[in-house]
Amino acid sequence: MYYPQYRPRRFRRTENLRRMIRETRLSTDHLIYPMFVMPGKNIKNAVSSMPGVHQFSVDTLLKELQSVVELHIPAIILFGIPAQKNDKGSEAHAPQGVVQEAVGAVKDKYPQLVVITDVCLCEYTSHGHCGLLHKEEVDNDSTLDVLAKVAVSHARAGADMVAPSDMMDGRVMAIRHALDDTGFEQVAIMAYAAKYCSAFYGPFRDAADSAPQFGDRRGYQMDAANTDEAMREVELDIQEGADVVMVKPALAYLDIIHRVKKDFDRPVAAYNVSGEYSMIKAAAAQGWLDEQRAMMETLLAIRRAGADLILTYYAKEAAALLQ
Ligand code: PBG
């Protein structure tokens with residue numbers, strides 16, 4: 001019997017053969033490690049819904065970074081949990097705020113580490129929404145000034161990159177102008193460009209204490225049903241000055257990552273969010289799947305879809321395996 005010339009299994013026989021035709025690479029170079037920082041000393045609180053993730057005070061954060069740097073992870077993204085919240089979220093741009101203090105300390109000790117800061121108000125507002133309230137609505141335009149102030153305060157503290165995650169219209173432009181006007185034209189913007197309203201952020205809201213006190217985020221985050229709208233969001237953010245465009249979450253939105261990579265000429269980041277991490281952790285804890293394999297397969301899939309960069313709570317574990 002004649003069999004077709006091409007037998008795909010010929011190249012699957014041994015690891016070296018498989019290696020030779022492997023199309024997608026995952027490397028530590030692509031990883032960004034999210035970390036939570038709070039005021040105080042000697043704090044390392046485990047986040048119960050995210051095994052392996054902690055809230056740190058600045059001193060313990062610095063200690064933890066030793067291993068991050070040794071693993072050659074190039075970048076972290078910082079989220080702050082402030083001492084007090086108020087309706088305007090003003091701690092978010094306090095010069096001695098927790099993120100500002102952390103950024104300064106981290107850049108002092110690890111000048112080579114790329115420090116990215118999340119720019120949003122939900123951790124800082126008493127109501128837990130990502131912007132200022134006008135009655136029960138999150139008011140877009142008055143929020144822009146506050147976000148710009150937050151970004152400038154992070155840049156002043158030494159941040160290399162700011163990452164607005166609030167989903168207000170026009171915030172990338174407001175932030176770009178404010179940074180340029182204050183001499184921070186070298187500070188990059190990684191825009192959460194296509195950020196969906198997602199159930200997969202649940203565990204993060206425990207870690208960052210940022211759950212909305214009423215309502216939800218549907219009035220500003222994207223509807224899960226939409227693809228074309230994500231392209232418009234990305235296009236706008238690029239026009240407004242985004243250096244990196246992010247899709248978030250990653251796993252339920254691999255099609256969006258793929259399309260953004262195909263249609264736009266900017267580095268694409270994808271956020272492997274808290275719920276995606278906790279699902280694997282929970283199943284692995286039950287002995288239902290092999291955690292290392294599930295983690296690496298997930299990260300590889302996000303790369304294969306087209307992400308250049310991956311924000312992931314698995315950064316340390318993946319980097320250790322990749323070494
Ligand atoms: C702040 C913000 C959120 C996440 C990153 N920045 C939560 C939200 O929008 O409710 C989620 C990250 C994760 O789930 O890992 N707006």
Side-chain angles (χ1 to χ4, degrees), residues 31-37 47-55 76-82 85 89 91-92 98-99 116-125 127-133 138 140 143 146-147 150-151 154 161-169 171-172 175 189-224 233 244-253 269-282 295 298-299 302 307 309-316:
L31 304 178
I32 300 173
Y33 188 40
M35 297 181 84
F36 300 94
V37 63
V47 178
S48 59
S49 54
M50 301 176 73
V53 173
H54 298 85
Q55 299 168 326
I76 58 168
I77 179 165
L78 283 177
F79 296 89
I81 305 141
K85 303 175 188 250
E91 269 293 296
V98 64
V99 166
I116 308 170
T117 55
D118 186 81
V119 172
C120 195
L121 299 186
C122 58
E123 299 104 310
Y124 300 88
T125 49
H127 44 75
H129 278 288
C130 302
L132 302 182
L133 289 188
V138 174
N140 196 87
T143 301
V146 186
L147 293 169
V150 176
H154 291 174
M161 208 181 299
V162 293
S165 67
D166 51 284
M167 290 301 277
M168 297 303 119
D169 296 334
R171 88 274 207 218
V172 173
I175 290 171
I189 299 177
M190 177 166 75
Y192 287 72
K195 177 174 176 179
Y196 287 86
C197 189
S198 171
F200 293 101
Y201 306 151
F204 172 95
R205 293 178 188 171
D206 293 340
D209 185 26
S210 64
Q213 298 304 301
F214 67 90
D216 53 38
R217 305 209 200 291
R218 284 171 221 248
Y220 40 105
Q221 297 181 346
M222 283 187 55
D223 188 308
E233 278 281 7
V244 179
V245 287
M246 193 201 298
V247 175
K248 177 186 175 189
L251 286 189
Y253 300 87
Y271 203 139
N272 177 215
V273 300
S274 55
E276 300 171 358
Y277 172 83
S278 298
M279 283 196 302
I280 296 181
K281 283 281 176 195
M295 160 181 84
T298 296
L299 296 173
I302 297 169
L309 300 168
I310 306 175
L311 297 88
T312 180
Y313 303 98
Y314 269 125
K316 283 179 64 182

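Values reported hereafter were calculated over all heavy atoms of this structure, with side chains retained and with hydrogens, waters and symmetry mates removed. Counting starts at 1 for both ligands and their atoms, in listed order.
- The distance from atom NE2 of His127 to atom CG of Leu121, rounded to the nearest 0.5 Å, is 8.0 Å.
- In this structure, Tyr196 has its ring center at least 6.0 angstrom away from the ring center of Tyr201.
- In this pair, Tyr313 and Tyr271 present their aromatic rings tilted. The plane angle is within the 30 to 60° band.
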For ligand 1, list all ligand N or O to protein N or O distances below 3.5 Å, rounded to 0.1 Å.
{"from": "ligand 1", "atom 1": "6 (N)", "to": "Lys248", "atom 2": "NZ", "distance (Å)": "3.3"}
{"from": "ligand 1", "atom 1": "9 (O)", "to": "Lys195", "atom 2": "NZ", "distance (Å)": "2.7"}
{"from": "ligand 1", "atom 1": "9 (O)", "to": "Gln221", "atom 2": "NE2", "distance (Å)": "2.9"}
{"from": "ligand 1", "atom 1": "10 (O)", "to": "Arg205", "atom 2": "NE", "distance (Å)": "2.7"}
{"from": "ligand 1", "atom 1": "10 (O)", "to": "Arg205", "atom 2": "NH2", "distance (Å)": "2.7"}
{"from": "ligand 1", "atom 1": "10 (O)", "to": "Arg217", "atom 2": "NE", "distance (Å)": "2.9"}
{"from": "ligand 1", "atom 1": "10 (O)", "to": "Arg217", "atom 2": "NH2", "distance (Å)": "3.4"}
{"from": "ligand 1", "atom 1": "14 (O)", "to": "Ser274", "atom 2": "N", "distance (Å)": "3.3"}
{"from": "ligand 1", "atom 1": "14 (O)", "to": "Ser274", "atom 2": "OG", "distance (Å)": "2.7"}
{"from": "ligand 1", "atom 1": "15 (O)", "to": "Ser274", "atom 2": "N", "distance (Å)": "2.8"}
{"from": "ligand 1", "atom 1": "15 (O)", "to": "Tyr313", "atom 2": "OH", "distance (Å)": "2.6"}
{"from": "ligand 1", "atom 1": "16 (N)", "to": "Ser165", "atom 2": "OG", "distance (Å)": "3.4"}
{"from": "ligand 1", "atom 1": "16 (N)", "to": "Lys195", "atom 2": "NZ", "distance (Å)": "3.0"}

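- If you run side-chain contact (heavy atoms from CB on, under 4.5 Å) between Tyr124 and each of Val99, Val146, Ile81, only Val99 comes through.
- If you take CD1 on Ile310 and CG on Asn272, they are separated by 7.0 Å, rounding to the nearest 0.5 Å.
- Atom CE of Met190 is separated from atom CD1 of Ile32 by 4.5 Å, given to the nearest 0.5 angstrom.
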